[in-house]
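Structure record follows, encoded as structure tokens.
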Amino acid sequence: MSPITSISESDLLDSSSTTTGLRQRKRQVVKSERITTSEPLWTEEDSDAEPPSIDDSAVSFESEVESLESAKAINESFFAFRLQYLIVHIAIMLADGMQGTHLYVLYEGYGYSVASLYCLGFVSGALTSPFIGPIVDRIGRRNSAIIYCLLEMMINLLEQYDVLAGLIISRVVGGITTNLLFSVFEAWLVTEHRKRGFSEDKLEVVMRDSTVTSNMSAILSGYIAHVLATNFGPVGPFEGAVASTFVALVLVTTKWQENYGSNDDNEQKSVGLYMREAFSTITSDSKILRIGVIQGLTDGTLQTFVFLWSPALRYFSTKITNGDTSIWGLDGHGEPAYGLIFGAFMTCGVVGGIAEPTVRSFISVLIKNSSEKVPETIVKEDKDPGHHDEGEKPVGVEFLAAAAYLVSSLLLATPILVDHNSHCSFSIALVAFLMYEVTIGLYMPCEGVIRTMYMPNDSICSLMTMLRVIINVIVAAGVFSTNFISFTSAFAAGSASMLIAFLLQLTLIEKSQW
């Protein structure tokens, strides 16, 4: 083997020399070859072939160096982009978590119906969902993120005053900002990621990181909210939310680039056109409609669970007749330790998010072992205008989502199936809720990947917000119904919703994956 071709990539990566140093090393190797080689590089037997050229080897060497440098530059660019997005994501999730942990306590202290005010936000979200996305795609995702931050700061200021009109306005506007929160930032991320030419597998990494950092932010926000509430009263967490949102506002304004719903920066579509195109895409593509229904059911169930777990655990804690406060999850007074439990929920979500790539890889291996016809990735070709020409869908994503939905359905049925008079009912329900949070961490990154695979870039925000009508209606109905039905009936509805999501998810899995 020639000394030139024996230089490996590890030699290049481990060297601290610059490109100039590498070229000097190449010249030294070439010089050494001329002096020390005992065999001619070309003989008469090879007369029909062209003699090897040292210049060709040098060009190949330089191409390899340039390729490695290019790959390094792309990785550094992606790392900076990933960090740029996640810092903003953490800031807005901290703010959302801080005000969310004490919203119930604040409204209860004001003497208003918590369920009615909470429900009002989702009614507002359902009514405004069809319009929010098209407006966002028209005015730009960065501008919309700025508007979100400004509206959130206004809401958290209004929440600090015991004025019913102000609270109603904050809930109505809160329904709008919730739609923005779960569409604008992801739409900006997906479009900007592809605009910069990063690979699709890196997009899945950012989606997973978003899930993990969301749960970590929730854990941290719970602690910060507790400290602020202790020092400044129930309004303290809302003051902290204003400050955190302001940080996100500054970062978005100074660091983010604008992107729009249209693939052509010079093309200007009206809001009405975006709405018509989004509605046409939903009605003409059954897969997108099914994705909307599936993720509406799962997110609606999650939002309802957020409202239900506290009264459910409080009920089961009353069944511990011997007053045993040593049971994990109970405080010294025999009441559920809500802060501790909330932190445990978020920790379980982090565990699920971190485990998602490993679990998905394991499922992919099982699928491939059962059928040699299943490739590493499935190439999806879209003939519809506005869709990507093709994309790679990792095998196992849809299987993992389906499995997580089924397990979630069984876990949410626990409060119904457990013996309510049992001394262990509290612990059994708590373990089931913790496991449900793990499954959330598993399926949420999968849902993000599935959205990016089936929804076109140019109208993804319009589609996401239009489909959020389903989520808002489910949550509004679920939360408002708690005024009239028992929590066990509400959990039964949530379990049924996850089972329906599981069955619909199975219909999305192509036959070639089985």
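Positions are given from 1 along the sequence.
The local environment of CE in Met216 is sparse, with at most 12 non-hydrogen atoms from other residues, nucleotides or ligands closer than 6.0 Å. Residue Phe78 places its CZ atom among more than 12 non-hydrogen atoms of other residues, nucleotides or ligands, all under 6.0 Å distant. Crowding of Met444 atom CE: a count of heavy atoms from other residues, nucleotides or ligands under 6.0 Å not exceeding 12.
In plain terms, the two heavy atoms of Arg138 and Tyr260 that are nearest each other are O-CD2, 3.6 Å. Here the shortest heavy-atom pairing between Asn179 and Ser183 reads O-OG, 2.5 Å. Scanning all heavy atoms of the two residues, the minimum distance from Thr177 to Leu151 falls at CG2-CB, 3.6 Å. Closest approach of His89 to Ser214, counting heavy atoms only: NE2-OG, 2.7 Å. The two atoms that bring Leu94 and Ser244 nearest to each other are CB-OG, 3.7 Å, heavy atoms only. Here the closest heavy-atom approach between residue Arg141 and residue Glu258 is recorded as N-OE1, 2.9 Å.
The aromatic rings of Trp256 and Trp188 lie parallel to each other, their planes meeting at an angle below 30°, with 60° marking the opposite boundary. The aromatic rings of Trp309 and Phe345 sit perpendicular to each other, their planes meeting at more than 60°, with 30° as the lower class boundary.
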Problem set entry | Criterion side chain to side chain contact (heavy atoms under 4.5 Å, CB included) on Ile132 and Val136, from CA distance to verdict | CA-CA 6 Å; Ile132 296 297; Val136 168; 4.1 Å; yes
For this session: For the pair Arg360 and Glu356, evaluate salt bridge (Lys or Arg N to Asp or Glu O under 4.0 Å) and give the outcome as yes or no after the intermediate values.
Result: CA-CA 6 Å; Arg360 182 175 62 77; Glu356 185 270 338; 3.6 Å; yes
For this session: Starting from the C-alpha separation in whole Å, work towards a yes-or-no answer on side chain to side chain contact (heavy atoms under 4.5 Å, CB included) for Asn75 and Phe79.
Result: CA-CA 6 Å; Asn75 285 334; Phe79 179 79; over 6 Å; no
For this session: Run the numbers on Phe198 and Leu203 for side chain to side chain contact (heavy atoms under 4.5 Å, CB included), then give the verdict.
Result: CA-CA 8 Å; Phe198 299 131; Leu203 181 58; over 6 Å; no
For this session: For the pair Leu289 and Thr283, evaluate side chain to side chain contact (heavy atoms under 4.5 Å, CB included) and give the outcome as yes or no after the intermediate values.
Result: CA-CA 7 Å; Leu289 179 58; Thr283 55; over 6 Å; no
Problem set entry | Working for ring pair (Phe, Tyr, Trp, His ring centres under 6.0 Å), residues Phe433 and Phe491 | CA-CA 11 Å; Phe433 293 167; Phe491 271 105; 5.5 Å; yes
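Under the rule for a side chain to side chain donor-acceptor pair (under 3.5 Å), His193 has no partner lying at least two apart in sequence or in another chain. In this structure Leu86 satisfies the side chain to side chain contact (heavy atoms under 4.5 Å, CB included) test together with Arg82, Asp209, Ser210, Thr213, sequence neighbours excluded. With sequence neighbours excluded, the residues forming a side chain to side chain donor-acceptor pair (under 3.5 Å) with Thr439 are Ser408, listed by chain and number.
Counting heavy atoms from C-beta on, the side chains of Tyr161 and Leu167 never come closer than 4.5 Å. Looking at heavy atoms from C-beta onward, Glu204 lies out of side-chain contact with Glu200 at the 4.5 angstrom threshold. Phe238 has its side chain within reach of Leu106: a pair of non-hydrogen atoms, C-beta onward, lies under 4.5 Å apart. Counting heavy atoms from C-beta outward, Leu508 and Ile294 have side chains that approach closer than 4.5 Å. Using a 4.5 Å heavy-atom threshold, the side chains of Ile291 and Gln295 count as touching. In this structure, Asp96 and Gln99 have side chains that are in contact, with non-hydrogen atoms separated by less than 4.5 Å. Side-chain contact check for Tyr405 versus Leu503: every heavy-atom pair is 4.5 Å or farther apart. A heavy-atom distance below 4.5 Å is found between the side chains of Leu158 and Ile169.
Defined by atom type and a distance below 3.5 Å, a donor-acceptor pair is missing between the side-chain atoms of Glu152 and Thr245. A donor-acceptor pair shorter than 3.5 Å can be found between the side chains of Arg171 and Tyr107. Between the side chains of Tyr112 and Asp162, at least one donor N or O lies within less than 3.5 Å of an accepting N or O. No side-chain N or O of Gln505 forms a donor-acceptor pair with one of Arg290 less than 3.5 Å apart. Between the side chains of Ser77 and Arg196, no donor-acceptor pair of N or O atoms lies under 3.5 Å. With no hydrogens or angles considered, a side-chain donor-acceptor pair links Ser486 and Ser489 at under 3.5 Å.
Summarising the geometry, atom CZ belonging to Phe81 is positioned 15.0 Å from atom NZ belonging to Lys255; distances are rounded to the nearest 0.5 Å. To the nearest 0.5 angstrom, Leu411 atom CG is 9.5 Å from Phe305 atom CZ. Rounding to the nearest 0.5 Å places CG of Leu308 at 9.0 Å from CZ of Phe487. Rounded to the nearest 0.5 Å, atoms SG (Cys149) and CG (Leu249) are 5.0 Å apart. Interatomic distance, Ile90 CD1 to Leu83 CG, rounded to the nearest 0.5 Å: 8.5 Å. Separating the OG1 atom in Thr211 from the CE atom in Met207 is a distance of 9.0 Å, to the nearest 0.5 Å.
In this structure, the ring of Tyr85 has its center no less than 6.0 angstrom from the ring center of Phe185.
Of the possible donor and acceptor atoms, one in the side chain of Ser284 sits under 3.5 Å from a partner among the backbone N and O of Ser280. Ser409 places no side-chain N or O within 3.5 Å of a backbone atom of Met498 that could act as its donor or acceptor partner. A side-chain donor-acceptor contact under 3.5 Å links Gln160 to the backbone of Asn156. Formation of a donor-acceptor pair under 3.5 Å by the Thr301 side chain with backbone atoms of Leu297 is found in this model. Looking at Ser495, its side chain never comes within 3.5 Å of a backbone N or O of Ala492 through a donor-acceptor pair. In this structure a side-chain-to-backbone donor-acceptor pair under 3.5 Å is missing from Ser170 to Ile155. Side chain of Asn143 to backbone of Ile139: a donor-acceptor contact under 3.5 angstrom is found.
Exactly one residue among Ile147, Val184, Thr253 makes a side-chain contact (heavy atoms from CB on, under 4.5 Å) with Arg142. That residue is Thr253.
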